[in-house]
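First listed ligand is number 1; within each ligand, the first listed atom is number 1.
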Amino acid sequence: MPRVIRVGGAQMGPLQKSDSRKVAVDRMIGLLDQARARGCRLVVFPELALTTFFPRWNMDDKREVDGCFETQMPNAATKPLFDRAKEYGIAFAFGYAEIAEENGERHHYNASILVDEAGNIIGKYRKTHLPGHSEFDPGRSFQHLEKKYFEVGNTGFRVWRFMDGIFGMCICNDRRWPETYRVMGLQGVEMVLLGFNTPSANSQRADEPRELRDFHNDLCVQAGAYQNGTWVVAIAKAGVEDGHELLGGSAIVHPSGQIIARTQTSGDELIVADCDLDDCNFYKETIFDFARHRRPEHYGLITGQTGVVRPD
Ligand code: CDV
């Protein structure tokens with residue numbers, strides 16, 4: 001039996017700080033309607049899909065910060081999205097800022113969830129590689145305060161069996177780290193669902209060309225796909241948010257590493273691809289047959305240390 005899943009990558013255009021959750025959710029439902037019309041069974045939305053990319057703002061008022069987070073999922077604002085997807089029998093994934101109650105304490109995470117065709121949340125991932133900084137940095141042309149607002153995720157890189165395949169999730173900056181894909185690759189992942197918000201400018205390097213940033217985006221997701229024989233569905237929030245441009249360039253990447261669908265705009269846009277999960281097999285069984293070719297006895301430094309230790 002072929003394992004072909006028609007996947008929709010639902011890139012979102014910008015969300016402004018003043019936009020309500022309803023604005024975001026209505027647009028997500030619009031994309032879901034398009035996905036239904038085009039026969040998709042799974043739809044992937046971006047990181048922090050319900051709000052502007054708020055880590056660019058330096059906020060000290062706890063209430064203002066917590067106002068960017070969700071304490072429940074689904075909640076009143078997102079329930080219409082869950083209901084519509086359930087009505088259509090479409091599975092979906094999206095990212096949001098999560099306040100979680102754990103052992104009587106509140107924790108703040110940059111999270112994403114995987115929802116099955118019946119509307120049940122079957123997977124949750126909390127971002128591991130938080131980029132940026134934890135205090136206002138006057139040396140940057142704009143802020144990236146993820147380390148101020150979020151804790152490092154405590155889920156690790158899990159995978160979930162559903163729709164006859166093995167699915168994993170990661171979030172934005174995670175895509176730049178080969179460990180992200182390899183940990184999922186070692187669990188047999190066949191499709192990585194990934195949302196991102198990447199500024200089109202480097203806040204610490206004014207002369208970095210946009211083309212280079214596009215190239216690095218593609219490089220990471222294409223390498224991650226190929227080196228692990230997995231599909232990667234990498235979906236952006238794009239366009240100008242609160243005066244700051246985001247990269248866009250959402251893509252669906254084949255296990256060969258080739259991009260087979262790509263957005264053309266910086267707005268709400270659905271890309272669609274028929275993804276055969278069995279296309280992973282050739283790579284997993286030949287050049288990247290981990291059981292035959294990996295040499296973990298030589299990889300100890302990867303888990304044994306964090307930073308660079310140079311020889312004396
Ligand atoms: N939201 C992100 O994680 N953004 C990062 C930063 C470094 C631009 C990214 O890797 O795209």
At what distance is the nearest protein heavy atom to [atom], and which residue and atom is it?
atom: atom 6 (C) of ligand 1; result: His144 CE1, 3.6 Å
atom: atom 4 (N) of ligand 1; result: Cys172 SG, 3.2 Å
atom: atom 11 (O) of ligand 1; result: Thr198 OG1, 2.6 Å

Which of the ligand 1 atoms, numbered from 1, are nearer than 4.0 Å to a heavy atom of [X]:
X: Glu47; answer: 1 (N)
X: Lys127; answer: 1 (N), 2 (C), 3 (O)
X: Pro131; answer: 2 (C), 3 (O), 5 (C), 7 (C)
X: Glu146; answer: 1 (N), 2 (C), 3 (O)
X: Arg176; answer: 9 (C), 10 (O), 11 (O)
X: Pro199; answer: 8 (C)
X: Phe53; answer: 1 (N)

Inset, instruction - Using the test side-chain contact (heavy atoms from CB on, under 4.5 Å), find all partners of Asp268 that sit at least two apart in sequence or belong to another chain. - result: Met12, Arg27, Leu31

Legend entry - CG (Asn103) with more than 12 external heavy atoms under 6.0 Å: no

Inset, instruction - Decide whether the shortest distance between a heavy atom of His129 and an atom of ligand 1 is less than 4.0 Å. - result: no

Inset, instruction - Using only heavy-atom distances, determine whether the side chains of Asn217 and Arg175 contain a donor-acceptor pair under 3.5 Å. - result: yes

Legend entry - Donor + acceptor pair across side chains of Thr52, Arg56 (<3.5 Å): yes

Legend entry - ring pair (Phe, Tyr, Trp, His ring centres under 6.0 Å): pairs with one or both residues in residues 239-269, sequence neighbours excluded: Phe142-His244, Trp231-His254

Legend entry - Lys86 bridged to Glu117 by N-O distance under 4.0 Å: no

Legend entry - Geometric N/O contact Asn197 with ligand 1, under 3.5 angstrom: yes

Legend entry - Close side-chain approach of Ile171 and Leu194, heavy atoms under 4.5 Å: no

Legend entry - Ring centres under 6.0 angstrom apart (Tyr109, Phe69): no

